Protein chains: 2
Amino acid sequence: MYGAVIHAPGDVRYEHREDPRLQQPTDAIIRLTASCVCGSDLWDYRGINPVTQPTPMGHEYVGIVEQVGAAVHNVKVGDFVVGSFFASDNTCEICQAGYQSRCMHLEFVGAGGAQSELLRVPLADGTLVATPGMPDPDLVPSLLAASDVLGTGWFGAVAAEVGPGKTVAVVGDGAVGLLAVLAAEQLGAKRIIAMSRHASRQNLAREFGATDIVEERGDAGVARIKELTGGLGAHSVIEAVGTQESMLQAIRSTRPGGHVGFVGVAHGVELPGEELFYAEVHLMGGPAPVRRFLPDLIERIWRREIDPGKVFDLTLPLSQAAEAYRAMDERRAIKVLLTPDGP
Amino acid sequence: MYGAVIHAPGDVRYEHREDPRLQQPTDAIIRLTASCVCGSDLWDYRGINPVTQPTPMGHEYVGIVEQVGAAVHNVKVGDFVVGSFFASDNTCEICQAGYQSRCMHLEFVGAGGAQSELLRVPLADGTLVATPGMPDPDLVPSLLAASDVLGTGWFGAVAAEVGPGKTVAVVGDGAVGLLAVLAAEQLGAKRIIAMSRHASRQNLAREFGATDIVEERGDAGVARIKELTGGLGAHSVIEAVGTQESMLQAIRSTRPGGHVGFVGVAHGVELPGEELFYAEVHLMGGPAPVRRFLPDLIERIWRREIDPGKVFDLTLPLSQAAEAYRAMDERRAIKVLLTPDGP
């Protein structure tokens, strides 16, 4: 098969790779219908995470089950499935509490490289969720979004305890931030403030339910949020960037007793303890337990209540993976969907 | 009147001070029945917080209302009252949400120095809670504990979402840590692990409801908590120290999806963002909104269901305030109760 492999920062190649094989009786092999490039892939692409050897890329996927191990019972060959970037047994005490991203038997599905034609998914029973049937093609982007960015934005909103009547602010206008706006709207927020200075992203934020846009960043952004909330700050703030500035912006935009849900993968963040102490806000975040939300998200997509697939503003064949990375790196695209090249 | 004044690190004097007077129509003046020395007073005593001028000390108090301003309606002259170290209106949006320690009109009651004979309490209507009647003398220490250390330990337990069936660990064996054990027991925890290496404090922890004692600290302490919890960590961890080591010990002792309630006043703490991200625990803490809990705590004390006053293992007349500080600084006493010297 063929897939995307990163060789060095800025150097992603579409190349021949060995077909994945069942390694454990709990594995499944799926033929990918679509995959995509994640904001977190750019940490490697930009050399912020070290690239020490050629590494298959991609951890977001939807596809059709092609093979299952002998111990797999919840999905069968021919099912259309969605899974998370983390494989989880979904039965351990941590999974049962809803934290599948910290499953006691956690594996990183992305190790197999989902920007490819075939993917091995460990712990298939716990990880994969089958759709009610074969999806209409226009649903595929949304189902793919559920695999990570929608699930992550949704977790951010849940971690920030978004709910009816609340004022929510979202720091970050990437796909995750935009889908956190969508999640906040679905979870009943009264007012949703999106922080963005890009017209196309502002528009999508509004489409997803944002009621206000704040263009300022840092302290000026915090001041503007305070201004919009009677001096108090938002009830719920979702952080979807992962930098020191964005974390402090999120914490400082939250009212005392409010909640910060942080889902941007932290890079170089150090939280000052005294500020945190006197801020008196709730903090919860980390890698999203997407699996917790998948059944609900698939249902909402299937009923066409939400259209998270709109974050894909560029579709390319897998063979043009290099261009997909470039487009996202240069912020020409919010998120790029990749489809197999065909025979 | 007379009261305790700190002049420099290690130099606390019992000296004449001017009687406090009503400054606002919302003030009350109370005659103190008892006061005490707080672990946080030691930050000044030890020179960790700078002492730049002679400063009246003390912020924990119970007493009898002696005078009220014209706008005070909820307490009257002659009432026995308990209040928090923070004065709060108890009516603003933040107070109504239960975060009176971040009231929009917050004042620090301790500015008046509660280790004295009389104390001015601002925002008396929102701050003070009257007991059902004049307390029996043996209830006074417990009511005094409610003013801060019990309320703070209780908040730690609530912030850590302690509840029935849960395993709780408490980092810190000062009065707050010990009363967090009591709070955890009252809130229905199934298992309570107290981290302490002092026999007398271990005994009191057991009396308050601790089921296990862990003597190890730092990484060894974390390993022991993991060992006691099937490798997972505790559901709820209460941090009652405020140092880098204790914060990391608390975070690392918590299972994914679990809750850390931190109430030790943070000094020199920097939380590494990446560790926090992958720990995937809830963090909540800060100065306790004691006022939220006071009516409930007073009721439990009045019904003699709890005896938090046991944390006072030394009682001295106010004139011996200097010795009270020494005893706590040298850890000869867990907590010292101070009574007026009388005429």
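Sequence lines set the chain letters: A, B, ... in the order given, protein chains first and strands last, and positions in each chain run from 1. Quantities reported herein were computed from a predicted structural model and do not represent experimental measurements.
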Ranked by heavy-atom pairs below 4.5 Å to chain A, first place among Ile94(B), Leu271(B), Val260(B), Val269(B) goes to Leu271(B)
Honestly, the part of Val263(B) sitting under 4.5 Å from a heavy atom of chain A is backbone
His105(A) NE2: over 12 foreign heavy atoms closer than 6.0 Å: no
So, the part of Glu275(A) with a heavy atom under 4.5 Å from chain B: the answer is neither
Note: vs chain A, highest number of non-hydrogen pairs under 4.5 angstrom among Ala159(B), Ala97(B), Gly264(B), Pro289(B) is Gly264(B)
Task: Arg191(B) atom CZ: more than 12 heavy-atom contacts under 6.0 Å - done: yes
From the list Met247(B), His259(B), Arg255(B), the residue making the most non-hydrogen contacts under 4.5 Å with chain A is Arg255(B)
On a heavy-atom basis, the closest approach of Val265(A) and Phe277(B) is CA-CZ, 3.6 Å
Okay, Glu93(B) and chain A: the region with an atom under 4.5 Å from a heavy atom over there is side chain
Checklist entry - Are the side chain of Arg102(A) and the backbone of Gly257(B) linked by a donor-acceptor contact shorter than 3.5 Å? => result no
Practice item. Would you check if Met284(A) and Val281(B) make a side-chain contact, meaning some heavy-atom pair closer than 4.5 Å? Key: no
So, the part of Tyr99(A) with a heavy atom under 4.5 Å from chain B: the answer is side chain
| said: Quick check: do Leu283(B) and His282(A) have side-chain heavy atoms less than 4.5 Å from each other? | reply: no
When every non-hydrogen atom of Glu280(A) is compared with those of Ser101(B), the smallest separation belongs to OE1-OG, 3.2 Å
Pair count under 4.5 Å, heavy atoms only, with chain B: among Pro287(A), Gly273(A), Gly231(A), Gly242(A), highest is Pro287(A)
